[in-house]
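Everything on this sheet refers to the single structure shown next.
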Amino acid sequence: MTKAPISPLRRRMIEDMTMRKFAPRTQEGYIRAVKGFSAFLGASPDTASFEDLRRYQLHLVSTGTGAPTINHTTTALRFLFMVTLRRPELVAYLPFVREPRRLPVVLSPEEVARLLNAAPGLKYKAALSIAYGAGLRASEIISLKVADIDSARMVIRVEQGKGRKDRYVMLSQHLLDLLRAWWKVGRPQGWLFPGQNPVNPLTPRQLNRACHAAARMAEIDKPVYLHTLRHCFATHLLEQKTDIRVIQVLLGHKKLDTTALYTRVALKALGEVTSPLEHLAKGMKPLA
């Protein structure tokens, strides 16, 4: 069987994204978004008008599409028209949807311990422990190689994380012991966490499935995803009075505002703050 031919427009868009070193998943997402618009239009996207783009956004909103998906689609269409088609006037006024800022779900340290102990196998226990013990994203965990574990300096090298940036995160002794135990059993050569075919690493979907399975086994009622462990990492560090700028660097956040979200869920830290009413009460008359 031969692959379906790629249209000249799609090929050019892929080339434009490749020149800018977009990650493969980003490229796939952009192409998928443009295909959705093309299907709605019933024609090639290069024939679209501003009204067509506006109608498509209204269609997405009316069909209950979530704000993240709408904004991702808008970003993809802006790239297509601004870069590949060089028609920026069509998308200059294409709005983004304001996303509601929700607080992340955070587990207690005891719940995290139960979840990690319930992981389905040593490989997944080690991978989930990195998510919590070093605050890595799913894509960063699966991209780890054996050589990225630096036991001499007690750090983990995160190569080309989100935003195509390298960074180092701490490697605790417990995590190192766990990774050594996994290495003795699995003998990974290239990828630290290889998939069924050792040539490829685990997928984010496999990691999330393992996380869901561990949460069920641990009888945790809260909605838990792999990214929840990253939220727990940041929140628990903040509750241990770790400087928020250090946490920002460990998480690989570009803006401090993103990290500051965790100040709203660090309940232990909030509980240690003394209300000004308490100071005021010292000079007030006692209650009758």
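One is the number of the first residue; the rest follow in order along the sequence. Everything numeric here is computed off the predicted structure, so don't read it as measured data.
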Quick check, are the ring centers of Phe37 and Tyr56 under 6.0 angstrom apart? yes
Could you tell me whether Arg167 and Glu140 have a side-chain N and a carboxylate O separated by less than 4.0 Å? yes
Measure the shortest side-chain to side-chain distance between Leu207 and Ile141 over non-hydrogen atoms and say whether it is less than 4.5 angstrom. yes
How about Pro194 and Leu202: do any of their side-chain heavy atoms sit closer than 4.5 Å? no
Note: Glu28-Arg25 ion pair, threshold 4.0 Å (strictly below): no
Salt-bridge test for Asp166 and Arg157: reply yes if a basic N is under 4.0 Å from a carboxylate O, no otherwise. yes
Look at Lys145 together with Asp148 and state whether they make a salt bridge at an N to O cut-off of under 4.0 Å. no
Is there side-chain contact between Ile31 and Arg10, with heavy atoms separated by less than 4.5 Å? yes
Could you check whether any side-chain N or O of Arg78 sits under 3.5 Å from a backbone N or O of Pro88, counting only pairs where one atom can act as donor and the other as acceptor? no
Quiz question: by atom type and distance under 3.5 Å, do the side chains of Tyr30 and His72 form a donor-acceptor pair? no
Consider only side-chain heavy atoms of I, L, V, M, F, W and Y, link residues closer than 4.5 Å, and tell whether Leu80 and Leu41 are in one cluster. yes
Roughly how far apart are Ile244 CD1 and His253 NE2, rounded to 0.5 Å? 10.0 Å
Going only through I, L, V, M, F, W and Y residues with side-chain contacts under 4.5 Å, is there a path from Tyr225 to Val265? no
Between the side chains of Thr74 and Asn71, does any donor sit under 3.5 Å from an acceptor? no
